[in-house]
Amino acid sequence: MEKYFDATYIWESIPALLPFLKVTFMVAGLSVLFGSLLGLLLAIMKLGKNKLSQQIAHGYTTVMRCTPSIVLLFLIYYGVPAIFINFGINLNDMSSAFFVVITFSLQFGALMSEVIRSAYESIDKGQYEAAVSVGLSNTQAYGRIIFPQAFVVALPNFGNALLELMKEGALAYTIGLIDVMGKANLIIAGNYNSHALEIYIGLSLIYWVLSIMIEQFFLKLEKIFSKGRKDLKTA
Amino acid sequence: MLEIQNIHKSFGETTVLSGVDLQIGKGDVVVVLGPSGSGKTTLLRCINFLEKADKGEAIFGDIQVDLHQASKKQIQAIRKRTAFVFQNYNLFNNKTVLENVTEGLIIGRKIPKEKAIEIAKNALNKVELEDKYTAYPAELSGGQQQRVGIARAVALSPDIILFDEPTSALDPELVGEVLEVMKTIAKEGTTMLVVTHEMSFAKDVANKVVFMDGGVVVEEGPPKEFFENPKEERTRKFLRRVLPDDFIYHI
Amino acid sequence: MLEIQNIHKSFGETTVLSGVDLQIGKGDVVVVLGPSGSGKTTLLRCINFLEKADKGEAIFGDIQVDLHQASKKQIQAIRKRTAFVFQNYNLFNNKTVLENVTEGLIIGRKIPKEKAIEIAKNALNKVELEDKYTAYPAELSGGQQQRVGIARAVALSPDIILFDEPTSALDPELVGEVLEVMKTIAKEGTTMLVVTHEMSFAKDVANKVVFMDGGVVVEEGPPKEFFENPKEERTRKFLRRVLPDDFIYHI
Amino acid sequence: MPNGLDIPFLIDTFFVALTGVPIAMLITIVSLLIALPLGFLLALTRINRMPILNQFSRVYVSFVRGTPVIVQIFIIYNSVPLLLGTIFEKYNINMNVYEVNPIWYAFIVFSLNTIATLIEVFRSAINTVSKGQLEAAHSVGLTTAQAFIRIIIPQTLVVALPNICNATVNLIKATSLGYAMSLPEITLKAQVAANASYNYIEAYIAIFIIYLLICSLVEYAFKRYEKRLRKYQIAPAA
Amino acid sequence: GSDTTSSTQEAEASSDGEVRTVKIAYDQASKPISWLDDDGNPTGYDVEVMKLVDELLPEYEFEFVGTTSDDLLIGVQQGKYHAGVKNAFWTEERSENFIYPEEFLGLSSIGLVLTNENAHIETLEDFASAGYTLAPIAANNAQYTIIDEYNQKNPDNPVQLEAGDQFSVDVIQWVNEGRVDGGVAIEGSFEKQVTAEDGPYHNLVNDVVYNEFNVIKTWPLFNLNEQELADAYDEAIKQLKEKKKTNELSTEFYGRDLFKVLDSVER
Ligand SMILES: Nc1ncnc2c1ncn2[C@@H]1O[C@H](COP(=O)(O)OP(=O)(O)OP(=O)(O)O)[C@@H](O)[C@H]1O
Ligand SMILES: Nc1ncnc2c1ncn2[C@@H]1O[C@H](COP(=O)(O)OP(=O)(O)OP(=O)(O)O)[C@@H](O)[C@H]1O
Ligand SMILES: [Mg+2]
Ligand SMILES: [Mg+2]
């Protein structure tokens with residue numbers, strides 16, 4: 001085994017990989033932004049009274065849940081420009097990051113719509129009733145009482161979804177976008193496909209530390225925002 | 001002060017209220033009794049528009065409203081004159097005790113913040129929670145939470161406070177403290193409409209007891225008469241079940 | 001029949017039981033009273049090994065056990081002689097009413113299925129649930145659920161049944177039906193140890209009332225004496241809070 | 001798309017890729033069969049805070065959840081034979097590590113992954129079953145093992161089912177990464193077909209339809225099953 | 001890809017008024033044929049030749065777009081990229097989906113990587129007869145097609161061919177471990193890995209061998225609408241070949257001037 005395994009490749013790969021986290025973060029950040037907006041819209045559709053829009057939103061979520069990311073990515077990467085070309089818009093010059101962000105946003109939106117919906121539903125209806133009974137308007141009741149509480153419930157699931165998103169780098173690489181995962185592939189190619197194991201171990205260490213940091217960050221956030229929630233109190 | 005006429009309400013197939021009338025004078029304490037499912041909660045919720053009645057009218061001093069077709073403005077106007085105390089408190093979990101009380105004053109009634117805090121503190125002191133301003137609901141006992149609920153209602157100085165079984169979610173030992181507070185408020189002349197199973201409260205504090213069953217008012221009258229001399233057979237049957245007939249110990 | 005000696009129990013820093021003794025004779029109905037947090041539930045749970053005591057002994061007829069160091073075999077032996085009725089029923093949600101009762105007989109006691117069903121039906125009929133055999137707990141009212149809980153305990157024909165506030169999770173109207181069932185069982189000579197806030201039950205049914213506070217037994221005695229003439233100041237204070245002193249209506 | 005879709009090819013590829021379904025399902029089912037009991041047991045070690053196992057499963061879950069599956073595939077696929085080879089050599093075990101069918105690596109990778117997911121799923125599900133159920137079972141004389149098998153697990157399963165469904169769907173999708181281990185599953189079959197005629201988009205559409213079909217079917221089946229299991233939870237008649 | 005590098009020869013090109021920018025996709029992880037180096041610049045035999053071609057074509061400006069070979073094939077076919085280089089061989093199917101120019105781009109020595117004991121295996125026939133196992137080859141790699149074609153021609157004596165993914169297969173390691181009996185490789189990368197003093201597997205130089213079984217022409221692939229570009233390419237590459245530029249680059253990147261064996265090349 002020593003013949004093939006050389007731990008120095010692990011330590012050398014890490015500093016080479018780290019700068020490419022920038023791309024990972026950029027893609028994840030944009031996807032979270034757009035995906036959350038989409039998720040909010042879908043959640044509103046699901047919670048609303050209109051049967052048709054409920055069905056559309058649920059159908060969309062099912063399709064997204066059932067489609068492997070790589071398939072979705074290719075359909076977007078080649079399908080979207082093909083559609084836009086009919087309107088005389090040429091998207092072929094767009095950076096591949098653009099398509100990656102679209103793909104991830106569509107997926108993230110489906111995930112978030114469920115997160116938002118269940119968070120909303122977890123808030124006792126009595127909170128709304130109490131709010132209007134002391135004279136708050138509908139909007140005020142949602143803005144000041146319901147949403148702040150639903151937000152705390154949604155946080156951990158939001159963190160999980162974010163973690164999933166960060167790990168999709170392998171996907172972005174297939175259309176040439178170089179994030180940490182892509183850089184690892186390039187390093188391996190630079191070594192003529194040898195010592196790939198060590199490089200991937202280095203890569204997984206980075207991902208691991210990153211995910212632990214994100215987890216901790218969300219735990220902190222939850223603590224900060226959950227003032228007044230029951231589980232703070234130890235019986 | 002408040003007059004309710006001919007409220008009807010069904011949920012799908014089940015009719016819950018079928019023509020309830022009610023008169024409450026200024027300063028009255030009216031207690032509503034009745035078996036489970038008789039529509040007591042629904043009645044209170046319809047008055048406060050938490051539920052939309054199928055039919056019925058409410059006359060609130062100078063305001064007269066169709067309970068089925070009230071406009072948003074009318075609803076807001078009536079909600080300004082009422083306050084609700086919920087069975088399971090329904091305090092705002094994300095707000096401190098003080099904020100729970102000021103929320104409706106500052107945001108709902110547009111009272112300046114400082115004035116609102118003053119009012120809120122007054123109300124909280126009345127229910128003996130002067131040391132809990134900054135606590136969160138989760139940090140309070142059930143009895144304390146319900147007292148905040150009452151302070152929240154009192155602070156709005158509504159024309160009438162609606163109580164829906166305010167003590168039934170409490171441990172037996174905590175019931176006393178909440179009833180005590182309700183008595184105090186009643187003595188100050190607050191108009192109250194109270195759904196409760198606490199017979200002692202009905203007997204001691206109410207001017208009028210209303211007994212509901214199957215979505216209609218079966219019998220009403222002053223408490224002494226109601227308990228000692230119920231006219232209707234249904235009322236008697238109910239009282240027999242609820243009052244431990246052999247409970248006559250003195251201490 | 002059952003003798004408990006010197007039970008001690010702490011949870012981390014908080015000491016909950018500090019030396020409780022208890023004697024229960026065959027056919028006795030002992031009611032334990034006490035303020036919230038006084039250790040009543042913990043006492044019952046220690047007796048049934050749902051909680052492991054830090055110290056203490058139990059003498060169960062011919063079996064004598066160290067409550068801290070009981071072997072698995074001893075625990076099983078004692079559990080065979082006791083049954084527990086929980087405050088919030090704790091019926092097996094995934095089993096029908098009949099299965100709830102037979103479960104312990106067939107699996108725990110290794111009684112043949114047919115015999116077990118017969119016993120179970122008998123017990124269920126006793127609590128007037130002959131028409132609910134195939135219902136699931138979620139389909140029953142609280143009172144019905146608690147009656148199943150009692151039938152489950154009775155069917156095991158244990159030497160003693162432990163009740164932990166069996167009526168306190170019930171709507172006021174449903175309390176009566178459960179107390180009625182408990183009275184019937186008591187009259188049949190079942191030994192019972194009951195934690196309850198229902199003073200009428202204590203007075204009517206118990207042979208002995210035990211008052212606990214702060215993890216010790218403060219006072220015990222026959223109910224008449226206990227209620228009419230409590231010796232300790234702590235007992236008096238408690239009774240004053242729990243009994244509505246002015247509740248003397250007759251019907 | 002300039003040349004339009006090649007529909008006959010799409011249909012052909014669809015059926016070619018369909019022949020990859022058995023492998024995908026085999027991996028899915030085997031992984032679930034391995035992961036369900038292990039996930040449950042490890043969830044218990046976490047709930048009961050068993051000293052070493054608890055720490056182990058925490059680190060394990062965090063690593064598996066923190067790193068991309070494709071990287072895990074790579075690490076297992078490449079390091080397990082090396083390790084085994086070294087061990088066999090050392091102890092003179094005469095066995096060829098390399099005659100192992102790659103599907104075994106797929107079983108390992110996807111089981112390890114699913115275990116991590118299920119630990120968390122069961123952990124929260126077990127917590128929703130009230131402690132009183134176990135106590136009641138004890139009080140009528142059931143042993144802990146009997147209580148778990150007859151009372152706790154059936155109830156846990158109902159609560160966990162939606163999440164198990166989720167995990168299953170994700171697992172089915174993830175088997176598409178099996179191509180990295182030369183497993184002739186859906187994606188690889190379609191790609192080989194596409195390579196023959198260069199109709200990649202059609203191939204991807206075919207894959208898309210297949211996964212959509214399988215996963216919706218699985219979702220539907222789970223919903224049906226959940227409804228059956230939930231029979232005892234019907235709300236009391238109003 | 002976001003990492004695009006335009007040709008450095010803009011000054012020359014701009015002498016003519018109309019300059020058309022075209023996208024040339026390259027496999028960014030296929031050293032030494034084409035790859036993205038540590039400084040983020042595309043390089044490799046295929047890329048460097050195309051850069052020289054660009055210099056000779058003032059009316060075009062090449063923009064190199066790095067990607068994976070999956071995406072390259074689809075992208076060139078769909079028109080997302082105008083042309084692509086990835087050490088592509090000629091195959092029947094490809095010729096229907098891409099324009100192959102008149103002139104090939106380079107030469108690639110393709111061979112079997114074997115352990116020393118199997119050094120006597122010279123051809124695919126030998127390999128197949130021995131019943132040996134072959135490392136999986138990515139389905140979209142033309143090496144796959146070549147073996148597949150061999151199998152179709154020799155249905156009685158086929159090589160065990162498995163599709164897989166290049167990213168997880170390290171041919172030299174696999175062969176040396178014994179995980180497979182042989183793997184297909186091109187000479188260039190074998191040279192750089194094993195033969196070269198600083199190669200990562202130089203320690204295996206006595207354990208594994210590379211037995212060439214074919215030298216094959218490699219081609220740039222053009223989108224079906226890019227006949228003009230392909231023609232322009234032909235003009236330029238002819239000049240380069242005359243100037244022996246391609247020979248130089250072959251030596252530089254593959255360690256050997258493959259053009260010397262051009263006469264024996266079949267396809
Ligand atoms: N939102 C609803 N949808 C359908 N049925 C409802 C709804 N709310 C109440 N009901 C039904 O209306 C009937 C009356 O309910 P209500 O809560 O008013 O009774 P109640 O007198 O307050 O009883 P309790 O003493 O148990 O609180 C009940 O049968 C109940 O099931
Ligand atoms: N598992 C536990 N961990 C820590 N503290 C506990 C635990 N169980 C009970 N306690 C504490 O032990 C004390 C006694 O509890 P116990 O439930 O026995 O009282 P109780 O007399 O039954 O009260 P109640 O009438 O409210 O049921 C309480 O202060 C409670 O907080
Ligand atoms: Mg009610
Ligand atoms: Mg208790």
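Per chain, numbering begins at 1; letters A, B, ... match sequence-line order.
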**Study point:** Option that, when pairs with chain A are counted at under 4.5 Å, heavy atom only, ranks first among B:Glu103, B:Lys80, B:Gln76
**Key:** B:Glu103

Practice item. For chain B, find which of A:Pro148, A:Gly135, A:Ser137 contributes the most heavy-atom pairs closer than 4.5 angstrom. Key: A:Gly135

Study note, to complete from the structure: Of B:Arg152, B:Arg109, B:Lys72, the largest count of non-hydrogen pairs under 4.5 angstrom with chain A goes to B:Arg152

Review point. How are the rings of A:Phe158 and A:Phe218 set relative to one another: parallel (under 30°), tilted (30 to 60°) or perpendicular (over 60°)?
Key: tilted

Exercise for review: Evaluate the ring planes of A:Tyr142 and A:Phe147, with Trp represented by its six-membered ring, and classify them as parallel (under 30°), tilted (30 to 60°) or perpendicular (over 60°).
Suggested key: tilted

Check your understanding: What are the residues of residues 116-124 of chain B, in order of number, with any heavy atom under 4.5 angstrom from a heavy atom of chain A?
Key -> none

Review point. Non-hydrogen atoms of chain A under 4.5 Å away: do they reach the side chain of B:Thr82, the backbone, both or neither?
Key: backbone

Review point. Quick one: what part of A:Gln127 sits under 4.5 Å from any heavy atom of chain B, side chain, backbone, both or neither?
Key: both

Practice item. Check whether any side-chain heavy atom of B:Lys113 lies under 4.5 Å from a side-chain heavy atom of B:Thr102, and answer yes or no. Key: no

Review point. Where the side chain of A:Asn50 meets the backbone of A:Leu52, is there a donor-acceptor pair that is under 3.5 Å apart?
Key: yes

**Study point:** Counterpart residues, salt bridge (Lys or Arg N to Asp or Glu O under 4.0 Å), relative to A:Glu168 (two or more places apart)
**Key:** none

Practice item. For chain A, find its close neighbours in residues 42-50 of chain B: heavy-atom separation under 4.5 Å, sorted by number, or none. Key: B:Arg45, B:Asn48, B:Leu50

**Study point:** Interface residues of residues 56-65 of chain B facing chain A - non-hydrogen atoms under 4.5 Å apart
**Key:** none

